[in-house]
Amino acid sequence: MARISYRYPLYRMRHKAQFGSIKSYQNKMGVNISGKFIADFTLHYAKVNLTISQRYGNAGTTLEHSTIIAIRHNSKVKEPMLVKLGDGIVYNITNISANNDSYLSYDLLTLEKYTKGGGGANGKRD
């Protein structure tokens, strides 16, 4: 099966995303505080629009409330990583569709909103 090659014009890569993780740190009193997003690096990205049929196909699945972005291929991007987009919301990377076939390759990242507690659709544990 042939691999689809994605191309995005440079003017679409106008948004910036911070890639990093949640790390704990000590405040001035020596108390460990956890839950702060720390960015490791920043990349430009393009928003990927889904067609109507793709949206209907995702309805009722875990991908229903996900976002897809395109970045230039970068080997530093790994799957248990977090992404903070320009809207200030932190997302989990749930899937990386990597393509490094040529010097001008793009990766598609599927993102879901990061929930602190970890469980359930609303972020609360049962």
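Along the sequence shown, residues are numbered consecutively beginning with 1. Basis for what follows: all heavy atoms, side chains included, without hydrogens, waters or symmetry-related copies.
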Which heavy atom of [X] sits nearest to which heavy atom of [Y], and what is that distance?
X     : Y     : value
Ala70 : Met13 : O-CE, 3.7 Å
His44 : Lys16 : NE2-CE, 3.5 Å
Lys78 : Ile96 : C-CD1, 3.6 Å
Phe37 : Gln18 : CZ-O, 3.6 Å
Gln26 : Asn32 : CG-OD1, 2.9 Å
Ile71 : Tyr45 : CG2-CB, 3.8 Å

Is [Y] reachable from [X] through a run of I, L, V, M, F, W or Y residues, each pair having side-chain heavy atoms under 4.5 Å apart?
X      : Y      : value
Leu82  : Tyr91  : no
Leu111 : Phe41  : yes
Met81  : Ile89  : yes
Val83  : Val90  : no
Ile93  : Tyr114 : no

*Could you walk me through whether Phe19 and Asp40 pass the side-chain contact (heavy atoms from CB on, under 4.5 Å) check?*
CA-CA 6 Å; Phe19 292 79; Asp40 295 330; 5.8 Å; no
*Between NE2 of His73 and CG of Leu43, what distance do you get to the nearest 0.5 Å?*
11.5 Å
*Can you find a pair of side-chain heavy atoms, one from Thr115 and one from Lys113, that are under 4.5 Å apart?*
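Answer no - side chains too far apart.
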_Set of residues satisfying side-chain contact (heavy atoms from CB on, under 4.5 Å) with respect to Ser21, sequence neighbours excluded_ = Lys23
*Decide side-chain contact (heavy atoms from CB on, under 4.5 Å) for Asp107 and Val77; before the verdict, give the C-alpha distance in whole Å, the side-chain angles of both, and the deciding distance to 0.1 Å.*
CA-CA 10 Å; Asp107 296 343; Val77 177; 5.6 Å; no
_For Arg72 and Tyr106: C-alpha separation, side-chain torsions, deciding distance, then whether side-chain contact (heavy atoms from CB on, under 4.5 Å) applies._
CA-CA 4 Å; Arg72 289 282 304 269; Tyr106 295 92; 3.5 Å; yes
*Any sub-3.5 Å donor-acceptor pair from Asn92's side-chain atoms to Thr94's backbone N or O?*
no
